[in-house]
Peer 1: 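I am attaching a structure below and will ask some questions about it afterwards.
When a residue number appears, it is its place in the shown sequence, counting from 1. These numbers come from the heavy atoms of this one structure, side chains and all, not from hydrogens, waters or symmetry mates. This structure is a prediction, so every number in the text was calculated from the model and none was measured.
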Amino acid sequence: MKILILNGPNLNLLGQREPGIYGSHSFESYLASLRERYPEIEIEYFQSNIEGELIDKLQQAGFLSEPVCDGIVLNAGAYTHTSIALQDCIRSLKSPVIEVHISNVHKREEFRHHSYLSCACKGVICGFGLDSYRLAVEAIIN
């Protein structure tokens with residue numbers, strides 16, 4: 001089984017940016033523990049601050065008649081609240097996509113309460129810190 005974890009803008013700053021909201025661990029250190037926990041799963045990781053690069057990666061991983069990935073974990077960051085282009089892309093994929101957020105977006109600013117992606121995703125997990133990614137991986141496995 002192969003799973004793609006895809007992180008959007010500013011998530012390259014995890015562990016440094018707003019640790020009160022996002023925690024003090026880098027995603028790379030968390031990813032190592034996730035791969036250790038699931039050695040039988042190939043976990044690919046990609047991060048970009050550029051919307052088009054995220055779309056390209058989603059299409060490469062999940063669009064083909066025989067998708068490259070069995071599932072995709074997507075934290076689109078702020079693009080969650082703005083991107084019709086990402087929604088359109090997710091709708092075209094054959095691989096299931098789980099939308100993930102580190103913080104509980106519903107406890108934050110009003111503009112974060114709406115996701116343009118949720119309606120196109122298999123499910124949404126938010127508010128469990130970096131563990132939201134593990135929960136998404138388990139949802140794809142099961």
Peer 1: Can you confirm whether or not the ring centre of Y79 sits under 6.0 Å from the ring centre of H81?
Peer 2: no
Peer 1: Would you say that L31 contacts I5 through its side chain, given a criterion of any heavy-atom pair below 4.5 Å between the two side chains?
Peer 2: yes
Peer 1: Would R134 and E138 pass as an ion pair if we require N to O under 4.0 Å?
Peer 2: yes
Peer 1: Just wondering, do S48 and L54 contact through their side chains at under 4.5 Å, heavy atoms?
Peer 2: yes
Peer 1: Find out whether N7 and Y133 are in side-chain contact, i.e. whether some heavy atom of one side chain is under 4.5 Å from a heavy atom of the other.
Peer 2: yes
Peer 1: I need the E53 CD to L58 CG distance, nearest 0.5 Å.
Peer 2: 12.0 Å
Peer 1: Applying salt bridge (charged side-chain N to carboxylate O under 4.0 Å, His left out), can you list everything that pairs with K2, at least two apart in sequence or on another chain?
Peer 2: E42, E44
Peer 1: Identify, with sequence neighbours excluded, every residue that meets side chain to side chain contact (heavy atoms under 4.5 Å, CB included) alongside S118.
Peer 2: E99, S115, V124
Peer 1: Enumerate the side-chain hydrogen bond (donor to acceptor under 3.5 Å, both in side chains) contacts for residues 27-37, please, sequence neighbours excluded, ordered by first and then second residue.
Peer 2: S26-S29
Peer 1: Counting only N and O atoms by type, is there a donor-acceptor contact under 3.5 Å from the side chain of S132 to the main-chain atoms of C126?
Peer 2: no
Peer 1: Please tell me if the side chains of V73 and L4 come closer than 4.5 Å, counting only heavy atoms from C-beta onward.
Peer 2: no
Peer 1: What I want to check is whether the side chains of Q47 and N49 have a donor and an acceptor closer together than 3.5 Å.
Peer 2: yes
Peer 1: Are V105 and L11 connected into the same hydrophobic cluster when the rule is that any two of I, L, V, M, F, W, Y join if their side-chain heavy atoms are below 4.5 Å apart?
Peer 2: no
Peer 1: Do side-chain atoms of S83 reach the backbone of T80 as a donor and acceptor pair under 3.5 angstrom?
Peer 2: no
Peer 1: State, to 0.1 Å, how close C69 and S95 come at their nearest heavy-atom pair, and which atoms those are.
Peer 2: O-OG, 2.6 Å
Peer 1: Would L34 and I43 count as a side chain to side chain contact (heavy atoms under 4.5 Å, CB included) here? Give the steps.
Peer 2: CA-CA 8 Å; L34 200 58; I43 299 175; 4.1 Å; yes
Peer 1: Do I41 and D70 make a side-chain contact, defined as non-hydrogen atoms from C-beta onward lying under 4.5 Å apart?
Peer 2: no
Peer 1: Side chains of Q60 and V68: does their closest heavy-atom pair fall under 4.5 Å?
Peer 2: no
Peer 1: How many angstroms lie between atom CG of N12 and atom CG of N10, to the nearest 0.5 angstrom?
Peer 2: 6.5 Å
Peer 1: Report the distance from atom CD1 of I55 to atom SG of C89, rounding to the nearest 0.5 Å.
Peer 2: 6.0 Å
Peer 1: Look at the side chain of S103 and the backbone N and O of G127, then say whether any donor-acceptor pair between them is shorter than 3.5 Å.
Peer 2: no
Peer 1: Can the ring centroids of Y45 and F27 be said to lie less than 6.0 angstrom from one another?
Peer 2: yes
Peer 1: Minimum heavy-atom separation for M1 and I140, please, with both atom names.
Peer 2: CE-O, 4.1 Å
Peer 1: So which heavy atom on I90 is nearest to which on C121, and how close?
Peer 2: CD1-SG, 4.1 Å
Peer 1: Do I72 and I3 make a side-chain contact, defined as non-hydrogen atoms from C-beta onward lying under 4.5 Å apart?
Peer 2: no
Peer 1: Going hydrophobic residue to hydrophobic residue with side-chain gaps under 4.5 angstrom, can you get from L74 over to I50?
Peer 2: no
Peer 1: Roughly how far, to the nearest 0.5 Å, is CG of L135 from CD1 of I98?
Peer 2: 10.5 Å
